[in-house]
Structures are given as structure tokens and as C-alpha cells.
> 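This is the structure, below, for whatever I ask next.
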Protein chains: 2
Amino acid sequence: MTAGERKDKGTKKRTWKVGELAKATGTSVRTLHWYDEIGLLSPSDHSRAGYRLYGEGDVARLQQILSLRQLGLSLDEIRDLLARPDVSPLSIVRMHITRLQEQMELTRKLLGRLEALASWMAASERVSADELLKTIEVMNMFDKYYTKEQLAELEARRQAFGEEAMQAVQEEWPALIAKVRAEMEKGTPPEDPAVQALAGRWAELIEMFTGGNPGIRQSLENLYKNEPGFAAQQGYDPALYDYVNRAQAARKGGSSA
Amino acid sequence: MTAGERKDKGTKKRTWKVGELAKATGTSVRTLHWYDEIGLLSPSDHSRAGYRLYGEGDVARLQQILSLRQLGLSLDEIRDLLARPDVSPLSIVRMHITRLQEQMELTRKLLGRLEALASWMAASERVSADELLKTIEVMNMFDKYYTKEQLAELEARRQAFGEEAMQAVQEEWPALIAKVRAEMEKGTPPEDPAVQALAGRWAELIEMFTGGNPGIRQSLENLYKNEPGFAAQQGYDPALYDYVNRAQAARKGGSSA
DNA sequence: CTTGACCCTCACGTCGCGTGAGGGCCTAGA
DNA sequence: TCTAGGCCCTCACGCGACGTGAGGGTCAAG
């Protein structure tokens, strides 16, 4: 059927033809053609007949492009941004998240106004111009996007504050996991002060890692819980998970009593 | 200062010049010019010098236009829709509300995916193409709007079901309010069976009126509470509000015990 | 060997404005 | 009374991000 799906399973990477990628993502073929033409997303390979063949890397780039587009950037700006080495895929996703959260707030506000408007209209048919004006103003706030400068500054600040901390965290994880595993395999009980200290540090690292954002924290937990391959790669398994959990429970119970 | 604000206060209606309206609503002057040029929103008056002067009716129409635009309709479609007599301002606001609620759902979904993505990226740098594809798909669902046919059908169904009921409700309100007021002024206690019956009908009418939507219900209450002019117009006042509330409390307490 | 579903490359069309250019109107202050 | 600056007007061209064919190759199924 779809060429890239069956051919050379395992040896060669999966590829998509334009139509396939378009269908899978909900974009149009024309859009992909266009992105190719302006040099924004050119497929990393072509068949002998000249068909575009998109690889996994291309898919990743497409995601970044579409995220940035939802941030309101022009395709030119997006191309420039993606060329900069200091803009990581992760930072893009985070900007996108921030933007969506703001939009939710805005939507809530607008919904409030519209519901009030609906009440007025249902009851009296005549609505004050002021009420209307304010409502319109909120509506129009939806297409006020960030400029690329604002985004750059926003991301720069985040980096200045958090990125090096993040880096440090990333490097500390394997060591911490190893230490905990050692205690576990020695049979040290979770209530032991040594384990308690490790569990404390564990909580701190998670806090730093997620930036205190409960949404990120939740999905990080899900990630470890539901993707065994991922967890294993980090030297992590259910037994360890359980051990740390018990240590943390003990820590809370002990300190509060 | 702004001409329309001070001149003939009370005698003539308030008007806005393009720049004023643009500033007040967050739209651009060019956009208003454009809407005029294509016959979508032409100011109801002009100054001797040829300045566009927008009145309250124009503001109301602008709100409808912008609501419909957020529904994804083209300006042509909007013009056609606004020309139809069966499309009321209220129906437009309700369609807008529905759309925004759907968007909130979508946004929540996408946020979930992006947070998962962020976790993956922060931890492993390598993300599965499938995950990315699904995320992209959700992103692209944001610009899939309704067609005007879908909207028409949606609104038609609502009308078939609810509009005549709505009409009936609208006509029943004054009578019901009058009856309750009569009882109140006679000094009938809220627990009296006659008042209880009226309170029951009262609750039913509100239910039908708001379509069971708690958001609308809430803002309707706020409307009556915070806008004395509005309430008075409906033959309604705080004393009556209190009386009905007590009757309803008695009704619930009595039936559940 | 055909058929039909893809794919390719031009190339022109569209929508909703942005952005001047060139020129009146109008009121505040010198 | 004059003038400066901030509005307003009408053209009119430009543009971003594709949509929509036209004309023609490709390729697996029957």
C-alpha cells in the first residue's frame, strides 16, 4: 500500500509521499509544495521519478513550523528562527504552550462577555454600545500576535534563568538514579536517612525540571508510566518508581508528625 | 474632543469617526474602509466634509460581523448571512459561543499533547514520528472552520426546536412577573401553594430560556442583579427577587424533606 | 496493457487587508 | 488671523499563503 510503510522495514527509515504526509497531518499537498518552494521545508529525499519523500526529521521540522505559525509568525520569520542554533525544538514547544495558555484565558474572557451579551439580547433586544465595544475589543485581541522580537526576548530570558539549571539537572539525573538503585539493591529501607536525603533531592530535581508546572509534571509522570522503553533508557523501572514513592511518602509522613 | 462624545448630548445619538471606532474596537481604519467599500458595513451617516460617522446600530452590526468572522466565514458569506431575516443577532452570538467552547476543548487537547512532547524532548531529544504526526493533526484542526451550510443547518435545528418555545417564554414572562408581584403585594407568604406553583413555573421558564446552559444562566442573573435599569424595564426589582428566592428555597426544602 | 490514483511542474487567481501618495478639514495655540 | 499638526478623504498598488486548474509522467492492480 503506502510505499514507505512496508518497504525495508527496519533497515531504512520510514518515509512519506506528499499525499501521505498531507493526509496524516491534515495539511494540504499544496501547502507542502509551497513550503518546499520557499525553502522552508524541503523533503530530505526524492524517488527516482522525482516524488518528494519526507523522512522523520522532516516531520519534526514540520511540527516546529506549524507551532511557530500558530504563534503568528510569517513563514519568512519562521525560516529565520529555525536557522538560529539557539532555538531548540523544545523551546518552540514551550512557546507554543505559553501562547495556548494565554489564548485559553482570552477565550474565557470573551465567553463571559458573549454570554452576558446573549442574556441582554434574549431579554431586551437592545444592547448598550459600550458593552458591544468592549466585546469587540476582546475579539480583536485574538489576532494580536507576538512579534518575533518579543518571542526572542521571552525565550532569551528563559534561557538565562533556567537553561543552565536545566542542563545541570539533566546531568545529575543519571547519578541520582544510580545512587537510589544502589540503596534499593542493598535492601536499605525507604525510611533510612540516606534514602530520605536522596528522595529529597529527587523531588527538587523534578521541581526544577518541570519548572513547577503541574501540567508538564503530570505528563512527565505519564510518560514514564506508559512508555516502558523510555523509562528503561533512563535506567528507570517500576520497582525503582515504587521505591522512590515509598521513600517520599515516608518523608512527608515523618516531617509532618 | 471627540466630536460625537459631547455634541448634543441627549438630543442626538452618539457617533464615532473611523479613527475613534477603530481605536475603541482594536480594528484598523483600513479595515473599516474596506468593509464600507464592499458594502458590508457602511456608516449610517456622514459629516458635511464627507467623514464617516458610525452610529450605535453600526457598532452592533460590526460586532456581528466580527463574530461571524471568528467563525471562519468569508466577508461575502457574512454579508449574505446578515441579509437573511432569519438570522438574529442573538443567534449569531450563540453560534460564536458554541464555537469558542469547541475551541477551548481543542486547545486543552493540544496542550496535553504539547506537554507530553515537551517532556519527551526535555528528556530524550528524540521523539517518535507518530507522536509528532498526531500533534500536528490536532494543530491543523484549528483552521477547519464550519462552512456556512453547517452553520445554517445548526441554527435551523435550534430554531425548529427552541425558537417558538423561546417566543412563548418571552410572552409568558410579563404575565408571570405580574402574578408574583400581586401575591407579594397581597402579603401572601412564600410557602403558600399558589406562590409555590408560580415559583415552579418560574424555574421552568428560566430553564427553557437559558437552554439549560449554566454560563448563560449565571450571566443572566448578574444582568438582573447589576443593571437596575434593565431589571426595572422587566417589571422586576430586588424585593421581587428576594420573594421568589424565598419561595424557591421553600419549594426545595419542602419537597426533599 | 489499460485504468485510476497518485505524483510532477507551471501559472494564474483570491482574500483581506497594509501601505503609501496626494490632498482636504478643523481646532489649539501663538 | 495665521499656521501647525492631527485627523479625514480617495485612489491605487502590493502582498502573504496558499487554492485551483492545466498538461503531463508514474506505478501497482486487475
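Just so we're on the same page: letters track the sequence lines, and every chain starts at 1.
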> Could you list the residues that satisfy side chain to side chain donor-acceptor pair (under 3.5 Å) with B:Thr31, not counting sequence neighbours?
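Expected list: B:Ser28.
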> According to the salt bridge (Lys or Arg N to Asp or Glu O under 4.0 Å) rule, which pairs have a member within residues 38-62 of chain A, sequence neighbours left out?
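Residue pairs passing salt bridge (Lys or Arg N to Asp or Glu O under 4.0 Å), neighbours aside: A:Asp36-A:Arg52.
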> What string of B, S and - do you get for nucleotides 8-19 of chain C, 5' to 3', when a contact is any protein heavy atom under 4.0 Å?
SB-B----SBBB
> Using whole Å, what does the distance between atom P of nucleotide C:dG24 and atom CZ of B:Arg48 come to?
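Nearest whole value for this atom pair: 18 Å.
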> Whole Å only: how far is the CD atom of B:Glu20 from the P atom of C:dC25?
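Between P of C:dC25 and CD of B:Glu20: 19 Å.
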> By side chain to side chain donor-acceptor pair (under 3.5 Å), which residues pair with A:Ser47, not counting sequence neighbours?
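Applying side chain to side chain donor-acceptor pair (under 3.5 Å) to A:Ser47 gives none.
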> Could you state the atom-to-atom distance from CD of A:Glu77 to P of D:dG16 in whole Å?
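Atom CD in A:Glu77 sits about 11 Å away from atom P in D:dG16.
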> May I have the distance from A:Asp80 (atom CG) to D:dG16 (atom P), rounded to whole angstrom?
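It is 13 Å, rounded to the nearest whole Å.
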> In chain order, what residues pass the side chain to side chain donor-acceptor pair (under 3.5 Å) check against A:Arg30, with sequence neighbours excluded?
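Listed in chain order: nothing, the list is empty.
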> Rounded to the nearest angstrom, tell me the gap between atom CD in A:Glu37 and atom P in D:dG19.
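To the nearest whole Å, that distance equals 13 Å.
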> Whole angstroms only, please: what is the CH2-P distance between B:Trp16 and D:dC7?
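Going from CH2 in B:Trp16 over to P in D:dC7 covers 19 Å.
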> Starting at atom CG of A:Leu66, determine the distance to atom C1' of D:dC18, rounded to an integer number of angstrom.
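After rounding, the gap between these two atoms is 14 Å.
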> Any salt bridge between A:Lys134 and A:Glu137, counting N to O under 4.0 Å?
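Looking at A:Glu137 together with A:Lys134, the answer is no, because their closest N to O distance does not fall below 4.0 Å.
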> Which residues satisfy the side chain to side chain donor-acceptor pair (under 3.5 Å) test with B:Asn140, sequence neighbours excluded?
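Result, side chain to side chain donor-acceptor pair (under 3.5 Å) vs B:Asn140: none returned.
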